[in-house]
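To keep things clear, I will list the structure first and then write my remarks on it.
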Protein chains: 2
Amino acid sequence: MAAPRRTQAQRRAETRQALLEATIDCVVEHGYGNVTTAQIALRAGVTRGAQNYHFSAKTELVAAALEHLMDQLIEQVRLDPPRGTDTTERALLLLDRLWNLHDTPAFKAATEIAIASRTDTELRARLAGLNRRLIGMIRGMLDETFPELTGNEDIYPIMLTVLSAVRGVAVVGLIGSPESIESLWRIVRGQLEQLIARAVDKAVGKSASGSPRP
Amino acid sequence: MAAPRRTQAQRRAETRQALLEATIDCVVEHGYGNVTTAQIALRAGVTRGAQNYHFSAKTELVAAALEHLMDQLIEQVRLDPPRGTDTTERALLLLDRLWNLHDTPAFKAATEIAIASRTDTELRARLAGLNRRLIGMIRGMLDETFPELTGNEDIYPIMLTVLSAVRGVAVVGLIGSPESIESLWRIVRGQLEQLIARAVDKAVGKSASGSPRP
DNA sequence: TTACATACTGGCATGCCGGTATGTAAATGG
DNA sequence: CCATTTACATACCGGCATGCCAGTATGTAA
């Protein structure tokens with residue numbers, strides 16, 4: 001119970017982080033439209049005064065929270081890239097990882113905020129760069145994961161299509177039951193798997209990987 | 001300026017419809033989170049009293065509006081099914097129609113409301129049946145449009161995948177610029193086209209339709 | 001014409017939300 | 001040890017969305 005004698009930088013960092021994470025939690029739980037600054041402060045264990053000291057407006061807080069969240073996700077993904085000798089195998093690993101990323105509370109929060117940004121100019125401005133960063137990150141991960149495909153421009157359309165499909169399923173997942181989403185994803189995944197396998201076969205030449213015809 | 005001497009049923013129907021359509025418009029324009037009942041009433045040319053008489057709560061109004069909207073869309077789709085002798089041709093026509101449906105203000109509104117329903121139990125309950133109705137409608141349209149494929153269960157996975165991808169693109173379209181979405185759709189569409197063409201070829205036997213090899 | 005039901009009006013009142021203003025404690029630096 | 005800055009607490013204000021209600025008009029039935 002003794003005062004831990006934190007340094008100023010520590011105090012600052014800790015309360016800010018608590019606020020950012022509480023913001024995400026509240027958005028996930030109550031939805032962006034229903035969330036209030038008071039709820040966030042309460043959940044963060046911080047008074048509204050402190051909250052306002054660090055983030056003078058709600059928009060600022062929410063935007064910062066989303067950026068913080070995305071930083072976490074990117075870091076988390078960077079730390080262990082998909083491994084495997086077979087190109088198709090790595091691609092499917094990546095597919096599952098992509099889905100897992102979308103099947104997360106974080107995605108719920110991100111979607112809510114993104115939707116809200118449609119009619120909130122401030123939010124929109126701050127989020128504009130995020131999407132660019134995101135696809136840049138994915139591209140980077142692709143190039144890194146598939147060095148043998150460098151320079152092959154055919155894989156980006158595939159990537160975008162797969163990403164779109166995953167997002168589509170994930171969006172339904174926001175409001176559907178977990179079971180129905182699970183089954184939907186299994187179906188869609190089957191199709192995407194074929195799509196990817198075909199593309200990989202075509203890209204690397206039909207010998208090195210893929211399904212050998214009996 | 002003389003009172004048109006409307007019957008009660010007419011009065012009722014007209015104000016209700018005005019309210020429902022105004023609701024959609026307002027949601028599209030301001031976003032679900034920012035829309036107020038006063039705005040809606042104003043836009044509908046109806047007083048808040050009348051509004052409250054017909055729809056005692058905001059939730060009820062919004063849910064009814066979305067149902068009304070979907071009825072319109074379904075009707076609109078039913079009225080002219082895609083025509084063409086070639087199976088693939090009809091499928092691609094259907095694909096484009098599906099996209100056009102998602103590239104519409106109505107879809108913006110529907111998405112906003114659906115997202116909102118995630119954390120609003122009342123809304124959620126009322127919208128639960130809508131998704132079932134929607135995919136049921138699409139299935140019906142498929143069976144109707146492709147009588148030659150009746151009984152072929154392979155096409156539903158394709159349908160769900162295509163639908164997911166379209167939704168994914170459409171969701172990005174909510175916050176992206178029209179140009180970027182247009183280009184994204186062109187890319188994804190190319191992939192889906194291949195997916196569909198392959199599936200159709202496989203389903204009907206490679207002779208009747210599809211790409212004749214020179 | 002009378003009696004009733006349905007549709008609509010306008011305004012009030014409560015609650016709550018976001019932002020601000022002012023006061024207090026904790027850390028830093030001399 | 002004191003002064004200053006940084007970090008946080010408490011109390012408050014203006015505003016506004018929502019739902020409700022008492023009254024009015026318009027259509028309908030007896």
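Heavy atoms only: backbone and side chains are in, while hydrogens, waters and symmetry mates are out. Order of the sequence lines fixes the chain letters, A, B, ..., with proteins taken first and strands second; residue numbering starts at 1 for each chain.
In this structure, B/Ser56 does not reach the D/dG19 phosphate: none of its side-chain N or O atoms is under 4.0 Å from OP1 or OP2. At D/dT10, none of the side-chain N or O atoms of A/Thr47 fall inside 4.0 Å of OP1 or OP2 (strictly under the cut-off).
Contacts classified as salt bridge (charged side-chain N to carboxylate O under 4.0 Å, His left out) and involving residues 166-189 of chain B (residues at least two apart or in different chains) are given here: B/Asp96-B/Arg189, B/Glu182-B/Arg186, B/Arg189-B/Glu193. Annotation: salt bridge (charged side-chain N to carboxylate O under 4.0 Å, His left out) contacts involving residues 99-113 of chain B, sequence neighbours excluded, comprise A/Arg118-B/Glu112.
Residues passing the salt bridge (Lys or Arg N to Asp or Glu O under 4.0 Å) test with B/Glu144 are B/Arg78, sequence neighbours excluded. Under the salt bridge (Lys or Arg N to Asp or Glu O under 4.0 Å) criterion, B/Asp80 pairs with B/Arg97, sequence neighbours left out. Remark: A/Glu60 engages A/Ser56, A/Arg126 in a side-chain contact (heavy atoms from CB on, under 4.5 Å) (not counting sequence neighbours). Checked against salt bridge (Lys or Arg N to Asp or Glu O under 4.0 Å), A/Glu148 has the following partners two or more places apart in sequence or in another chain: A/Arg90. For the salt bridge (Lys or Arg N to Asp or Glu O under 4.0 Å) test, no residue two or more places apart in sequence or in another chain qualifies with A/Arg139. Scanning for side-chain contact (heavy atoms from CB on, under 4.5 Å) contacts around B/Glu29 gives B/Arg43, with sequence neighbours left out. Residues passing the side-chain hydrogen bond (donor to acceptor under 3.5 Å, both in side chains) test with A/Asp143, sequence neighbours excluded: A/Tyr156.
Helical stems in DNA chain D, defined as runs of 3 or more consecutive Watson-Crick or G-U wobble pairs with donor-acceptor distances under 3.5 Å: C:1-30 with D:1-30.
Rounded to whole Å, the distance from CZ on A/Arg11 to C1' on C/dA26 is 5 Å. With rounding to whole Å, A/Tyr53 atom OH is found 20 Å from D/dA11 atom C1'. Rounded to whole Å, atom P of C/dG18 lies 13 Å from atom CG of A/Asp120. What separates CZ of B/Arg48 from C1' of C/dA13 is a distance of 12 Å, to the nearest Å. Atom CZ of A/Arg6 and atom P of C/dA27 are 7 Å apart (whole Å). Summarising the geometry, the separation between NE2 on B/His54 and P on C/dA7 is reported as 6 Å, rounded to the nearest angstrom. Between the CD atom of B/Gln51 and the C1' atom of D/dA17 there is a distance of 11 Å, rounded to whole Å. If you take CD of B/Gln8 and C1' of C/dA7, they are 6 Å apart, rounded to a whole angstrom.
Residue B/Arg12 is in sugar-phosphate contact alone, with no base atom involved, counting any heavy-atom pair closer than 4.0 Å across all strands shown.
Contacts with DNA chain C (heavy atom under 4.0 Å) in residues 25-45 of chain A: A/Val35, A/Thr36, A/Thr37, listed by number.
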Practice problem: May I have the step-by-step check of side-chain hydrogen bond (donor to acceptor under 3.5 Å, both in side chains) for B/Gln10 and B/Glu14, ending in yes or no? | Solution: CA-CA 6 Å; B/Gln10 282 176 339; B/Glu14 284 175 18; 5.6 Å; no
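Relative ring orientation between B/Trp185 and B/Trp99 is described as parallel, the plane-to-plane angle staying below 30° on a 0-90° scale split at 30° and 60°.
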Nucleotides 21-24 of chain C: which of its N/O atoms have a protein N/O under 3.5 Å away?
none

